[in-house]
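What's counted below: heavy atoms across the whole structure, side chains too, no hydrogens, waters or symmetry copies.
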Amino acid sequence: MSTPTDPRFFCRPCDRAVWPLPRPRGASAALVAVVALVLALLGDAGVVPVQAGAAGAVHGAVTTGALSTTFTASQGLLLMIPDMFKIAEEVRNEFCLKIVGKVRARPAGTENGNLVSGKIEVLCHELTVLNPSVTPPFQLDDENLSETTRLTHRVLDLRRPYMQNNLMLRYKVAMEVRKFLDEHGFVDIETPMLTKSTPEGARDYLVPSRVHDGHFFALPQSPQIFKQILMIGGMDRYFQITRCFRDEDLRADRQPEFTQVDVEMSFASPDLIYGLIEPVIQRIFACVGKEVSAPFRRMPYAEAIAKYGSDKPDLRCGLEIHDVSAAFADSEFRVFKQIVADGGVIRGFAVPGGNKYTRNQIDGLVDLAKQIGFGGLIWVRPGEPPTSSVKALSEGALRAAIAGIGASADDLVLLAGGPAENTSLLLGQLRLAVAKRENLLDPEKYELLWVTDFPLLEWNGDDGRWYSMHHPFTSPLDEDMDKLESDPGHVRAKAYDLVLNGSEIGGGSIRIHAAEMQARIFRRLGISEEEAKLRFGFFLEALEYGTPPHGGIALGLDRIIAILANESSIREVIAFPKTQTAFCPLTEAPTAVSEQQLKDLHIRLRPTSA
């Protein structure tokens, strides 16, 4: 019989050994690892006595008859000989123990096929308390703990099986990504954490320089400029699993520091990026035993907004939004008729089986629509004849709208009117609310989508200027370049987002590689030549040295793991996250610092107003 040679353990039949090891993955006791080892040695041939040792932590113990039985998080069964009773009676939850004993088959009829350790038990000959534990502030199986309590006592929270499972999933996914990119010729290259402040859409975290009085580093919002410089420098295939920092308002899927899989390649096109990333995603899903088919669906931004009211649509629920403006162009209902005459739209979607809703349920939908921001929501019940919340709507107009939306007799049609994009965005929010209410978002279903052809620029009416929708280094589509000065709002970008179940899990673009085009973009953004040189001079100079076409993508590792683990918040898949107020309860960061530290950095704090 062959035996393992891993230096972390030594265990074989008839040998007596002590096995010091860290906590096994997904459990708080080493017995599960002993079981795995024994089963690996024995295969399906049966169980023979094995002398073994293990170290781990205890999650519960009881004494019955002549033997003491200790249960761990993995429910491995440990039997104590009477000499061990005195020590065992002192053992409490979270004690760290060393055990030496015999692994043997459980008596016939006592096996448990639901457990990995269900065929064996351990007869303990030696028991040593390596380290006792104070009474924990909560039981590890308590499912009603507040997030503050969990994060304050993160050292204990991390012992919970589901937290260990989440972190192990994160590790496995990261390893699969590294292996895949390595197999395809990508080189892992680190980029600076202390860099220059550049505009990328959010506030920078600033780091004052002690050596350079009055000057600041910024923590990177992304490695954007550096990875482009790597392409210019001849490193044609780069990747990095890196930390990024953005000082922005937080929510369930945002953290001030987050992790992304950053990928860049020379001579790239959108199709090349899609062809690279889709197999990566398939490898990631294989980590949880799931299969997703490729190629992924592709949808232009304009279509996503019109049909789903979102640039990251959740396709699991259907509920496609349809334009039925033509049905109301000559309507007796003057409100809809005027909206269409003014260039607006009438759009809506069907709620499957919604015709069964009571009037109170429909009124609840109307109230929800008002909370979202609708001025009004019209409902229609298909039937003979169809009925509506607006008496002025003719039977002919209602039938045309029902047919345009593709509603059946069992459905409920919801309609709204106004400017095209705003109407779809509001219907998109209502669509998701209905999908959640009707349980149409199956957590076991995965819908992947490339959203393409984003607008290059977006107008900000508050300060009367154009801003980049992604970042100022994104290349416009070749066929739209001549509109940059004359019609900037209709210039599309070589940009793409990867969407999974309504969450953006990746985004990238083909970059600008010509200095002249980069200068045109800066002028369109209102960035003067002097300001451009001040902020990006080193990069603009690099573009002048025969820069190859290049592009890439960044995948949000935290969001991907959260979706695979069926967690609603990325904080559940990060070892040491911040709260929604960007505070760490474990370390109590951020904290005040000493006057001497501030003096070293040439900083004086202003008193805050009461």
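Pairing each heavy atom of Thr191 with each of Gln240, the nearest pair is OG1-NE2, 3.1 Å. Leu276 approaches Val280 most closely through the heavy-atom pair O-CG2, 3.4 Å. Of all heavy-atom pairs between Gly507 and Ile553, the closest is O-CG1, 3.4 Å.
Asn166 and Glu572 are not linked by any side-chain donor-acceptor pair at a separation below 3.5 angstrom, with hydrogens and angles left out of the test. Judged purely by distance below 3.5 Å, without hydrogens or angles, the side chains of Thr452 and Arg492 never pair a donor atom with an acceptor atom. A side-chain N or O of Thr149 and one of Ser146 form a donor-acceptor pair less than 3.5 Å apart. For Gln260 and Asp262, the side-chain atoms include at least one donor-acceptor pair closer than 3.5 Å. Between the side chains of Thr579 and Thr581, a donor-acceptor pair is found at a separation under 3.5 Å. Asp558 and Gln255 share no donor-acceptor pair across their side chains, judged by distance under 3.5 Å alone.
The backbone N or O of Glu504 sits less than 3.5 Å from a side-chain atom of Arg559, completing a donor-acceptor pair. Of the possible polar contacts, none joining the Arg511 side chain to the Thr474 backbone as a donor-acceptor pair under 3.5 Å is found. Proximity of a side-chain donor or acceptor of Asp182 to a complementary backbone N or O of Val187 within less than 3.5 Å is not detected. Remark: side-chain polar atoms of Asp236 are not paired, donor with acceptor, to backbone N or O of Met265 under 3.5 angstrom. Under the 3.5 Å distance criterion, the side-chain polar atoms of Asn165 are matched with a main-chain donor or acceptor of Pro161. At least one donor-acceptor pair under 3.5 Å links the side chain of Ser222 to the backbone N or O of Gln224. In this structure, Arg170 contributes its side chain and Val573 its backbone to a donor-acceptor pair below 3.5 Å. Checking side-chain atoms of Gln221 against main-chain N and O of Cys244 turns up no donor-acceptor pair under 3.5 Å. Remark: side-chain polar atoms of Glu320 are not paired, donor with acceptor, to backbone N or O of Gly318 under 3.5 angstrom. Listed for the Ser424 side chain is a donor-acceptor partner under 3.5 Å among the backbone atoms of Ala306.
Within 6.0 Å of atom CD in Glu588, 12 or fewer heavy atoms from other residues, nucleotides or ligands are found, so the atom counts as exposed in its surroundings. More than 12 heavy atoms of other shown residues, nucleotides or ligands fall within 6.0 angstrom of atom NZ in Lys356. Within a 6.0 Å sphere centred on NZ of Lys312, other residues, nucleotides and ligands contribute 12 heavy atoms or fewer.
Contact of the Glu291 side chain with the Gln282 side chain is not registered, since no non-hydrogen atoms from C-beta on lie closer than 4.5 Å. Looking only at side-chain heavy atoms (C-beta outward), Leu449 and Leu315 come within less than 4.5 Å of each other. Between Phe296 and Ile281, the closest side-chain pair of non-hydrogen atoms falls below 4.5 Å. Counting heavy atoms from C-beta on, the side chains of Arg246 and Phe258 come closer than 4.5 Å. Taking 4.5 Å as the limit, every side-chain heavy atom of Cys317 sits out of range of all side-chain heavy atoms of Glu438.
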Could you go step by step and tell me if Val499 and Ile505 meet the side-chain contact (heavy atoms from CB on, under 4.5 Å) rule?
CA-CA 6 Å; Val499 177; Ile505 63 168; over 6 Å; no
Going through the checks in order, is the side-chain contact (heavy atoms from CB on, under 4.5 Å) test met by Phe226 and Thr195?
CA-CA 10 Å; Phe226 288 106; Thr195 185; 3.2 Å; yes
What's the verdict on ring pair (Phe, Tyr, Trp, His ring centres under 6.0 Å) for Phe285 and Tyr446, showing C-alpha distance, side-chain angles and the deciding distance?
CA-CA 10 Å; Phe285 270 85; Tyr446 300 101; 4.9 Å; yes
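Classification of the Trp450-Tyr496 ring pair by plane angle, with boundaries at 30° and 60°, yields perpendicular. Ring geometry for Tyr301 against Phe454 counts as tilted: the plane angle lies between 30° and 60°, on a 0 to 90° scale. Using the six-membered ring where Trp is involved, Phe180 and His184 have ring planes that are parallel, under 30° apart on the 30 and 60° scheme.
Between the CG atom of Leu169 and the SG atom of Cys287 there is a distance of 7.0 Å, given to the nearest 0.5 Å.
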